[in-house]
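Input: a single structure, listed below in C-alpha cells.
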Amino acid sequence: IEEGGLPDGSLPERCMRPTILTGLKPDMRIMREEAFGPVVSVIPVDNMEDAIQQTNDSEFGLGGSVWSKDRHKAAELAR
C-alpha cells in the first residue's frame, strides 16, 4: 500500500482511504474482488495479450483503464 492505508476502524472492512496499490499478483484478494473507496491498482503488463488476459481473469465486471505512451495502441486495447 503506497498511499492512504487501511481504515482506522470507523470505515467498513472493505473500504480504504485514497490509495494506490502496486506490486500486485493475480491471485491476491484485491485483484479478485472489488474494493470500495478511491483505490487504484497499478498492474504493468508485458504486451497487449497479457493485458487482455489479466483484464478478463475476473468473475466480475470490474472497471479499468489503459495507460500508455502510445495513445493509438491504448485506444486499440480499450476497444
Check: Do any pairs count as a side-chain hydrogen bond (donor to acceptor under 3.5 Å, both in side chains) and have a residue in residues 67-79, sequence neighbours left out, and if so which ones?
Finding: Ser65-Trp67
Check: When rounded to the nearest 0.5 angstrom, what is the spacing between CG in Leu24 and OG in Ser41?
Finding: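 If we round to the nearest 0.5 Å, Leu24:CG and Ser41:OG are 5.0 Å apart.
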Checklist line | Beyond-backbone contact of Leu21 with Val42, side-chain heavy atoms, under 4.5 angstrom | finding: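 No. Closest side-chain heavy atoms not under 4.5 Å.
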Note to self: What I'd like to find out is whether the side chain of Gln53 reaches to under 4.5 Å of the side chain of Val45, using heavy atoms alone.
What the structure shows: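 They are not in contact (no side-chain heavy atoms under 4.5 Å apart), so the answer is no.
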Check: Residues sharing Ile52's hydrophobic cluster, by side-chain heavy-atom contacts under 4.5 Å among ILVMFWY, directly or via others?
Finding: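 Ile52 shares its hydrophobic cluster with Met48, Val66, Leu77.
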Next item on the list: Using side-chain hydrogen bond (donor to acceptor under 3.5 Å, both in side chains) as the criterion, list what pairs up with Gln54, not counting sequence neighbours.
Entry: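 Per chain and number, Gln54 pairs via side-chain hydrogen bond (donor to acceptor under 3.5 Å, both in side chains) with Asp50.
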